[in-house]
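Right, one structure below, let's go through it.
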2 protein chains.
Amino acid sequence: MYNNKLPTIKEIARRLNVSASTVSRALHHHPSIGLVTTMRVHKVAQELGYEANKTAIYFKERKTYTIGVIIPDLSEPFFSSALTGIEDAAEASNYNVIIGQSLDNFEREKKIVENMKNHRVDGVLVSLTKETSTYAHFDSLKKYNIPVVFFDRVPNRQDINYVACNLVSGMLQAITKLVNMGHSRIGLINGPAKLAATLQRLEIYIQCLKQHHLPLNQDIIVSTTLAKADNRKAIDQLLSLNEPPAAVIVFNDYVLLDCIAAVKAAGLVVNKDISFISFANLPIWEYMESVPLASIEQFAGRQSSMAAGFLLQLINSAATPNVTEPPFLQHIIDSEMIDYTIAG
Amino acid sequence: MYNNKLPTIKEIARRLNVSASTVSRALHHHPSIGLVTTMRVHKVAQELGYEANKTAIYFKERKTYTIGVIIPDLSEPFFSSALTGIEDAAEASNYNVIIGQSLDNFEREKKIVENMKNHRVDGVLVSLTKETSTYAHFDSLKKYNIPVVFFDRVPNRQDINYVACNLVSGMLQAITKLVNMGHSRIGLINGPAKLAATLQRLEIYIQCLKQHHLPLNQDIIVSTTLAKADNRKAIDQLLSLNEPPAAVIVFNDYVLLDCIAAVKAAGLVVNKDISFISFANLPIWEYMESVPLASIEQFAGRQSSMAAGFLLQLINSAATPNVTEPPFLQHIIDSEMIDYTIAG
DNA sequence: GTGCCTTGCGCAAACGTTTGCGCTACGTTA
DNA sequence: TAACGTAGCGCAAACGTTTGCGCAAGGCAC
């Protein structure tokens, strides 16, 4: 049934009339094995095309040299480049990467965590679902000493490891730019209320307005569920005001794409009748006619590879016996406004 | 050093004064274990939060319930949606997915194959590097009975399992559409010569022209390395002809984006002075001003999930003892022209 | 010649789970 | 009562590798 004629340490041992332990040590160039024996072992191993059975080692060492990555959606460039960053970091340390897409579905996220726990990954990197508001499913990983590092979409608490992006820097640059251009009525198209990023953007928006001594007008703050129709409704709502804002901060570039379509449909011209600054810095703007003044880059790759670094650090520190619990690894990367009026 | 107080079958057995085999069987509801014992085992397992150590099972069963996916680049939507297709198929059969990006680098591809072999994945899905022209690194997987299924970018030989996309159907639709619009001089911007897809497109292009009794003009066939500058050079070359083609088939949508930029820079208008049909059906066209007449969809998700289905089939048939070698699983999906003049 | 150190290797256990086989104790049937 | 069947469980091996410990043989110093 099984093709069990794969070369193993035992087989090499049998052929050379030595013990398996000797073979194992010889293969690792252990000093207690004589040079002659070591060479003979390597020769036979070579001939047989021996390769260590990692599953046996994983089992014995209680390590799988595998990290799990849980992200909402690979089709978003942000997450696919995040994954690339993770893969690079993992490969450099000889770790494998197994992935799970939550598709922004909480139940799927839970199931993926469960699966990765069963698979005994050595650590998990997570960017949360839009729906996630409880974190008990991650606590279950502690039982197996599986460290977790969150990135970008992180829980709103401090007893975790995470890498996130500080939007203040980018948003402040954005609003400063708009003010310098003469704008004082700056609208906001925000995301769905239950998303942490939404509240965050609102707070920063308010903070930045205050910093520029601008008034806060509730009527030019609208929101969208991120669905296409809703995006258009949001911008239409702003356009239908008596005095529409001539500059709008938009939740992200995807929302903005729909907004721009709506603006055109209304017979208005982007960057003349109305200007935008958004979040994501999508590469496609380079090819578009109507573009935002700027987009705020959140550095997917940098966030994720730093998170991966944290994770590897935690994995290694868990392997060495530590008296004191290591402190939480946390870092916040500054976002940065990418100015398209300069670049292009 | 190890936190070895994780619940195991042995621990449950110890607590109940039964043997480990009894516990194992009870947990699987084996009929030879009495109802009372079975219930007691489940109760204790529940209390301890027992979860089977999969690494032990993987090791014992010589299966990892993991498939490896090797693709060039996740940042291309084609491959990220391919990966999604694979993940869905795998998840439905309780398989995990580990990924490796070759980044179109042959050496990396070889290294990834090596790594996945060591990891003892149950099977591998591959979309080849642009550089790959030898396949010995995949042969080494046979030794471990690890089946391989290629998709989209497949080797040019028949002794393999693969799912590919037939471009004839889409290209024929495209040229037919152009002919119906009155075009008889239809150009081609092709890819780099060493890419299999390039030769394929050229052959089909010739074949389709012949089918419409159109002459073949070498001067309206150009090529690009896919680099941005080269893309623009290719279209400029066509535009500089005495009689530029008014319709051009383009290698893919990414190349076309640069071509469109060049056309605009030349003061010409897309779909008036010159029209395009391309490959990939990128979602962004929906938001663009200048779009091709159509783009040919190659169905990343369909290809990859069918390939995943093939792979799972091969994995399962390898597990059951077969006298005869199973035939190669091969399928070709028809491409399809997506007509943007209808849709939008 | 005695004691000690070093070199080079083998023994056996361990990791957690599954499974073929065998065993006991009981119940049934003739 | 003897023979037989069966329900319910345990024993032990196996998967491949690593590693602490022990042991033998040889060399060296005294």
Side-chain angles (χ1 to χ4, degrees), chain A residues 1-42 44-45 48-65 117-120 122 144-145 319, chain B residues 1-42 44-45 48-65 117-120 122 144-145 319:
Chain A
M1 177 145 173
Y2 290 124
N3 179 1
N4 43 16
K5 277 312 139 212
L6 291 178
T8 74
I9 278 192
K10 287 186 183 177
E11 175 65 13
I12 299 177
R14 200 186 56 74
R15 298 208 179 196
L16 288 173
N17 274 324
V18 296
S19 74
S21 25
T22 299
V23 175
S24 173
R25 281 188 257 250
L27 289 173
H28 292 87
H29 289 101
H30 194 282
S32 83
I33 303 298
L35 189 56
V36 195
T37 312
T38 301
M39 279 176 27
R40 293 208 307 150
V41 166
H42 274 97
V44 174
L48 265 56
Y50 169 79
E51 294 170 78
N53 183 336
K54 296 258 181 172
T55 63
I57 299 176
Y58 294 163
F59 166 51
K60 189 169 174 33
E61 306 229 314
R62 296 176 166 85
K63 276 201 72 170
T64 55
Y65 295 92
K117 181 175 60 184
N118 286 339
H119 203 277
R120 297 290 196 275
D122 292 343
Y144 292 96
N145 283 325
Chain B
M1 180 145 172
Y2 291 123
N3 180 1
N4 44 15
K5 276 312 141 212
L6 292 178
T8 73
I9 277 194
K10 288 186 182 176
E11 175 65 14
I12 298 176
R14 200 186 57 74
R15 297 208 180 197
L16 289 173
N17 273 324
V18 296
S19 74
S21 25
T22 300
V23 175
S24 174
R25 282 188 257 253
L27 289 172
H28 292 86
H29 289 99
H30 194 282
S32 83
I33 304 298
L35 190 55
V36 196
T37 310
T38 300
M39 280 178 24
R40 293 207 308 149
V41 167
H42 274 97
V44 174
L48 265 55
Y50 168 78
E51 294 170 77
N53 184 336
K54 296 257 180 169
T55 63
I57 299 176
Y58 293 164
F59 167 51
K60 189 170 173 34
E61 307 231 310
R62 296 176 166 85
K63 277 201 72 170
T64 55
Y65 295 94
K117 180 176 60 183
N118 285 340
H119 203 275
R120 298 289 195 276
D122 292 344
Y144 292 96
N145 284 325

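Sequence lines set the chain letters: A, B, ... in the order given, protein chains first and strands last, and positions in each chain run from 1.
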Using a cut-off of 4.0 Å on non-hydrogen atoms, how would the nucleic acid contact of A:Y50 be classed: base, sugar-phosphate, or nothing? sugar-phosphate
May I have the distance from [X] (atom [atom1]) to [N] (atom [atom2]), rounded to whole angstrom?
X: A:E61; N: D:dT17; atom1: CD; atom2: C1'; result: 9 Å
X: A:E11; N: D:dC15; atom1: CD; atom2: P; result: 12 Å
X: A:L16; N: C:dG8; atom1: CG; atom2: P; result: 17 Å
X: B:K63; N: C:dT17; atom1: NZ; atom2: P; result: 19 Å
X: B:I57; N: C:dG16; atom1: CD1; atom2: P; result: 12 Å
X: B:I33; N: C:dT19; atom1: CD1; atom2: C1'; result: 12 Å
X: A:K54; N: D:dT18; atom1: NZ; atom2: P; result: 10 Å
X: A:N17; N: C:dC9; atom1: CG; atom2: C1'; result: 13 Å

Short heteroatom pairs, N/O only, protein and nucleotides 12-14 of chain D, under 3.5 Å:
| residue | atom | partner | partner atom | Å |
| --- | --- | --- | --- | --- |
| D:dA14 | N3 | B:K60 | NZ | 3.3 |

What nucleotide among [options] has an atom nearest to a side-chain atom of [X]?
X: B:A52; options: D:dG16, D:dC9, C:dT17; answer: C:dT17
X: A:T22; options: C:dT17, C:dG10, D:dT17; answer: C:dG10
X: B:S19; options: C:dT18, D:dC9, D:dG10; answer: D:dG10

Any side-chain heavy atom of B:Y58 sitting closer than 4.5 Å to one from A:H119?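 Yes, close enough: below the 4.5 Å cut-off.
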Non-hydrogen side-chain atoms of A:L48 and A:V44 separated by less than 4.5 Å: yes
Of B:F59 and B:L35, the one whose closest nucleotide on DNA chain D sits nearer the 5' end is B:L35
Any side-chain donor paired with an acceptor under 3.5 Å for A:S24 and A:S21? no
Answer yes if the side chains of A:E51 and B:Y144 hold a donor-acceptor pair under 3.5 Å, and no otherwise.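 On atom types as modelled, these side chains qualify, holding a pair under 3.5 Å.
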Evaluate A:L16 against A:V41 for side-chain contact (heavy atoms from CB on, under 4.5 Å), listing each step before the verdict. CA-CA 8 Å; A:L16 288 173; A:V41 166; 3.8 Å; yes
Walk me through whether A:Y65 and A:I57 qualify under side-chain contact (heavy atoms from CB on, under 4.5 Å). CA-CA 10 Å; A:Y65 295 92; A:I57 299 176; 5.5 Å; no
When you check the phosphate oxygens OP1 and OP2 of C:dC9, does a side-chain N or O of A:S32 lie under 4.0 Å from one of them? no
So does B:T38 get a backbone contact from the side chain of B:H42, meaning a donor-acceptor N/O pair under 3.5 Å? yes
